[in-house]
Amino acid sequence: MSHTRYHSSIVWLRRDLRLSDNPALYHACQQSQQVIIVYIHADDDDSPWAMGSASRWWLHHSLTALQQQISQLGGRLILRSGPAHTTLDSLIAESGAEAVFWNRRYEAAHREQDRLVQTQLAQQGVPVHDYQSGLLFAPGTVLNKEGLPFRVFTPFWQACQKLGLSQTLLPAPAQLHTSTINSLSLADLKLLPSISWGQGLQAEWQAGEAQAHRLLQAFCEQALNDYPQARDEPGINGTSRLSPHLAFGEITPRQIINALLEHFICQTKDGGACDHYLRELGWREFAHHCLYHFPQMTSAPLNRRFAAFPWRHNPALLRAWQQGKTGFPIIDAGMRQLWHTGWMHNRVRMIVASFLTKNALIDWRLGAEWFWDTLVDADLASNSFNWQWVAGCGLDAAPYFRIFNPVTQSEKLDAHGRYLRRWLPELSTLPAKWLHQPWKTPETIQEECSIRIGIDYPTPILDLGSTRQQALLLHKQLPKLH
DNA sequence: CGCGCTTTATG
DNA sequence: ATAAAGCGC
């Protein structure tokens, strides 16, 4: 059945920086004697959500890994910059490629981009083959009985499970051919930050498909069983940390699911732990499908009652939050972890987001922008969806009265203060009793531990009790819609 | 993926 | 008397 239709084809890579389970690459190889694999960098094509600094850092290293993988198979990754449609156009002219293969992206800007490229190629008579690959199901295909998008997660996820989560995976090509087409060097793309901030990221991460599968394997063997409990403790390595690999398509949800199920069957591990982790992939899926149906999700509250919400203009408070100088250890630890590693523990993300939107009453969009710039796993759908979830203005969102108390959460989830001491070394000598609320530390203990609260570590920037009451009041006063 | 108050269980 | 469980916002 595999018949060669084309002498040469272009595979246009975007958020699918992998060789295995890559339908565009797989089918291009099946149908062509020669494939030209290209990555095109163009900030304008992502507008208004051009990649943030941390994502650009990751991209640089992911492309490095991919270049290496491709050349090991005898091929070559072509790098270009400029708008996709014109760049593909000149690539076709230079190479004589007869077809273009890609995996679809579903964000509004990229659907628009796909349409543009598709029309242009159609005019030249160049066939396009596009595929779904980064999600479990193509957005728009999981609908309720009325044929409408789900607005609540649980029925959505049940529908997904009914459709079947496990599918066969596509193998990586066995060999590739080199190409004489001109390519930019990776340095030309200027993806790395000018400040030395990349150092912290370098120590924490290794981008690329191979590492994604190593992490997956390690997670299945070491952490999966304890996942339901361990995932909530930021002081231990209880999560898979696959998020940036998923965000760049170095690994697919299907590959993860198959590995988990295989492990579950072979090792008779706790099926509950498996389901619990799969649910998280479900939330990612739900976020992507929601963004497809409600493209305004990135910029406007999905619950229209929040349209005129009186968010506070408070640049000083926003800055303190960004820099991890609020005086609340769990908030500051999380924000510093984010800055230093480009990642924050999931549970801590909820706590810092609740603090910003409920206690500080700062617009969730400002929080989302900061995450967008600083997260190596920044994903437009998940980021927008989850910020709206915490702010209470999204689909299936947290009820307005669910306001995280950073002290209670900290005591519950980081009882021994492992996480806090790791990210707030200035507090590391404080006994656990005071660590979660250092401003209450008696003078004598402060002296014993040689810490001066207010000097070595800030006093709280706001009062938790009164700001909570204020938020509850404002949310109760939201206008009723008719 | 709360909080705080009330009710109920337990020794 | 205190802790766990229940419940409305």
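- The separation between A/Gln409 atom CD and B/dC1 atom P is 9 Å, rounded to whole Å.
- Look at NZ on A/Lys358: it is 11 Å from C1' on B/dG2, rounded to the nearest Å.
- Taking 4.0 Å as the cut-off between side-chain N and carboxylate O, A/Arg349 and A/Asp377 count as a salt-bridged pair.
- Using a 4.5 Å cut-off on side-chain heavy atoms (C-beta onward), A/Tyr277 and A/Leu242 make contact.
- Among the heavy atoms of the strands lying under 4.0 Å from A/Asp232 are primed sugar atoms or P, OP1, OP2 only; no base atom is included.
- In this structure, A/Lys476 places its NZ atom 12 Å from C1' of B/dC3, rounding to the nearest Å.
- Base contact: A/Phe401 has a heavy atom under 4.0 Å from a base atom.
- Note: CG (A/Asn405) to P (B/dC1) measures 16 Å, nearest angstrom.
- A/Glu426 pairs with exactly one of A/Arg336, A/Arg421, A/Arg452 by the salt bridge (charged side-chain N to carboxylate O under 4.0 Å, His left out) rule, that one being A/Arg336.
- When the side-chain nitrogen and oxygen atoms of A/Arg402 are compared with OP1 and OP2 of B/dC3, none of them lie within a distance under 4.0 Å.
- Atom P of nucleotide B/dC3 and atom CD of A/Gln469 are separated by 12 Å, given to the nearest angstrom.
- When distances run from any side-chain atom of A/Tyr400 to the nucleotides B/dC1, B/dG4, C/dC9, the shortest one goes to C/dC9.
- The CH2-C1' distance, from A/Trp389 to B/dC1, rounds to 4 Å in whole Å.
- For A/Phe404 and B/dG2, the CZ to P distance is 4 Å, given to the nearest whole Å.
- Under the 3.5 Å distance criterion, with hydrogens and angles disregarded, no donor-acceptor pair is assigned to the side chains of A/Arg422 and A/Gln337.
- Distance A/Leu472 CG to B/dC3 P: 11 Å, rounded to the nearest Å.
- Checking B/dC1, B/dG4, C/dC9 against the side-chain heavy atoms of A/Arg468 singles out B/dG4 as nearest.
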